[in-house]
K.L.:
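Mind having a look at this structure? Questions to follow.
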There are 2 protein chains.
Amino acid sequence: MTDAQSYSLDDFLPYLFSQAADALSLEFQQTYRTKYNMLRTEWRVLFHLGCFGDLTAKEICDRSNVHKTKVSRAVASLEKRGFLTRETMATDRRHSVMCLTAEGREVFKDLQSEAQTYNAALKQTMTPEEFETLHSLLLRIAQRQ
Amino acid sequence: MTDAQSYSLDDFLPYLFSQAADALSLEFQQTYRTKYNMLRTEWRVLFHLGCFGDLTAKEICDRSNVHKTKVSRAVASLEKRGFLTRETMATDRRHSVMCLTAEGREVFKDLQSEAQTYNAALKQTMTPEEFETLHSLLLRIAQRQ
DNA sequence: GGTAAATAGTATCATTCGCAACTAATTATT
DNA sequence: AATAATTAGTTGCGAATGATACTATTTACC
């Protein structure tokens with residue numbers, strides 16, 4: 001590897017990560033944008049509730065590193081569409097716990113199946129060893145925040 | 001790996017990529033935001049010109065997969081700050097070729113050095129084998145667009 | 001050669017984002 | 001117990017984004 005190369009965009013990891021993440025996001029968002037007219041943050045909130053059970057907005061913020069205003073707006077939108085309900089906690093009325101409705105769970109199941117199909121196809125494009133390395137690196141780097 | 005896990009966010013590559021890319025971007029943007037009050041697209045345009053020589057806006061769009069309106073605005077901003085100049089091509093007056101000014105080259109060199117330092121530190125957090133695997137996967141996935 | 005299609009880049013406008021200020025509720029301090 | 005500090009969540013507002021329409025120029029085609 002020459003000096004010139006090591007100084008260039010082609011080896012700069014934050015840039016490459018961003019390009020790769022954008023490419024995947026662009027492909028995958030078709031599944032929730034066209035079918036349910038959902039934004040990415042809305043998809044994330046839905047999946048946090050679907051995958052991890054009932055949570056407060058704060059818990060979703062902490063898990064996903066999404067800004068609280070974005071989560072707040074996504075929650076409001078999902079609630080308006082009848083995909084989730086909120087209940088103020090009796091023990092601390094600042095918190096409200098969110099819970100998917102029957103319809104919300106239906107939508108989650110549908111999109112979860114789409115996600116699994118997409119993910120499986122993507123895994124197919126790499127060897128199991130490559131996947132393991134990638135997966136552990138992604139987790140490690142995502143922890144940095 | 002259980003079924004439940006394979007259906008969950010924790011293994012979903014587009015999500016993990018996005019989280020990792022965001023974490024790195026958040027760290028790295030300090031170098032150009034605080035020092036030069038630059039946006040990411042502006043940084044990218046500067047680096048395309050610095051790394052690959054004079055280009056038209058269209059060429060930057062094609063190389064970086066950034067929308068032409070974003071590039072257009074980034075170019076206008078860099079021009080206003082005196083970091084680049086534009087010259088309409090004589091052979092086709094629709095194109096204009098951009099060229100870093102002396103000041104623009106200075107800024108590029110400074111930020112390039114920051115980028116190299118950052119990248120080297122990031123590489124240190126993984127083995128050479130991990131890096132090679134990661135790098136080739138990132139390139140492959142970024143190509144998808 | 002004149003008209004239509006294509007291309008580079010800009011402008012417009014509606015949507016989304018992110019910061020900061022705000023409300024409401026709880027906890028800590030004295 | 002009163003006041004201050006903290007926390008969860010929302011709102012308002014200016015900045016950034018993205019889709020579309022537009023201008024100017026070139027190329028294709030009849």
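FYI, side chains are in, hydrogens and waters are out, and symmetry mates aren't considered; it's all heavy atoms of this structure. Per chain, numbering begins at 1; letters A, B, ... match sequence-line order.
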K.L.:
Between Ser8(B) and Cys51(A) (side chain of the first, backbone of the second, donor and acceptor by atom type, cut-off under 3.5 Å), is there such a pair?
P.N.:
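No, Ser8(B) side chain to Cys51(A) backbone: no donor-acceptor pair under 3.5 Å.
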
K.L.:
Can you tell me which stems DNA chain C forms, taking runs of 3 or more consecutive Watson-Crick or G-U pairs with both distances under 3.5 Å?
P.N.:
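Correct response: C:1-30 with D:1-30.
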
K.L.:
From the set dG9(D), dT27(D), dG9(C), return the single nucleotide nearest to any side-chain atom of Lys58(B).
P.N.:
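Minimum distance to the Lys58(B) side chain belongs to dG9(C).
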
K.L.:
Does Arg93(B) place a side-chain N or O at less than 4.0 Å from the phosphate oxygens OP1/OP2 of dT25(D)?
P.N.:
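Answer yes for this pair, as a side-chain N or O of Arg93(B) is under 4.0 Å from OP1 or OP2.
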
K.L.:
Using atom CG of Asn65(B) as one end and atom P of dT17(D) as the other, report the distance to the nearest whole Å.
P.N.:
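Checked: the CG to P distance equals 16 Å.
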
K.L.:
For the side chain of Ser25(B) and the backbone of Ala21(B), is there at least one donor-acceptor N/O pair under 3.5 Å apart?
P.N.:
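Side chain of Ser25(B) to backbone of Ala21(B), a donor-acceptor pair under 3.5 Å: no, none is there.
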
K.L.:
Of the nucleotides dG9(D), dA8(C), dT6(D), which one has an atom closest to the side chain of His95(B)?
P.N.:
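In terms of side-chain proximity for His95(B), the closest of dG9(D), dA8(C), dT6(D) is dA8(C).
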
K.L.:
Please write out the pairs of protein N or O atoms and N or O atoms of nucleotides 16-20 of chain C separated by less than 3.5 Å, giving the distance to one decimal.
P.N.:
residue: dG18(C); atom: N7; partner: Arg73(A); partner atom: NH2; Å: 2.8
residue: dG18(C); atom: O6; partner: Arg73(A); partner atom: NH1; Å: 3.2
residue: dG18(C); atom: O6; partner: Arg73(A); partner atom: NH2; Å: 3.3

K.L.:
Would you say Ser113(B)'s side chain and Lys109(B)'s backbone share a donor-acceptor pair under 3.5 angstrom?
P.N.:
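Answer holds: no.
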
K.L.:
Using whole Å, report how far CZ of Arg94(A) lies from C1' of dA25(C).
P.N.:
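About 6 Å, once rounded to whole Å.
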
K.L.:
Is a side-chain donor or acceptor of Asn119(B) paired with a backbone partner of Asp11(A) at a separation under 3.5 angstrom?
P.N.:
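Yes: the side chain of Asn119(B) pairs with the backbone of Asp11(A).
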
K.L.:
Is Glu87(B) atom CD crowded by more than 12 heavy atoms from other residues, nucleotides or ligands, each under 6.0 Å away?
P.N.:
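No.
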
K.L.:
Using a 3.5 Å distance criterion without hydrogens, assess whether the side chain of Arg81(A) forms a donor-acceptor pair with backbone atoms of Tyr36(A).
P.N.:
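Yes, the answer is positive, given that a donor and an acceptor are paired below the 3.5 Å cut-off.
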
K.L.:
Okay, side chain of Thr34(B), backbone of Thr31(B): is any donor-acceptor separation there less than 3.5 Å?
P.N.:
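No.
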
K.L.:
Taking atom CZ of Arg140(B) as the centre, does the number of heavy atoms from other residues, nucleotides or ligands within less than 6.0 Å exceed 12?
P.N.:
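Check passes, neighbour count above 12.
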
K.L.:
Whether the side chain of Glu59(A) engages the backbone of Thr56(A) through a donor-acceptor N/O pair (distance < 3.5 Å, no angle test) should be reported.
P.N.:
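Flag set: sc Glu59(A) to bb Thr56(A) pair under 3.5 Å.
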
K.L.:
Mind checking whether Phe17(A) and Phe17(B) have parallel, tilted or perpendicular rings, split at 30° and 60°?
P.N.:
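It falls in the tilted class, 30° to 60°.
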
K.L.:
Toward the 5' end of DNA chain C, which comes first, Val71(B) or Met89(A), by nearest nucleotide?
P.N.:
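Counting from the 5' end, the first nearest nucleotide belongs to Val71(B).
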
K.L.:
Relative to the ring of Trp43(B), is the ring of Phe12(A) parallel (under 30°), tilted (30 to 60°) or perpendicular (over 60°)?
P.N.:
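Correct class here is tilted.
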
K.L.:
Return the residues of residues 15-32 of chain B meeting this criterion: a heavy atom under 4.0 Å from some atom of DNA chain D. Order them by number, or give none.
P.N.:
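None, since no heavy atom is under 4.0 Å.
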
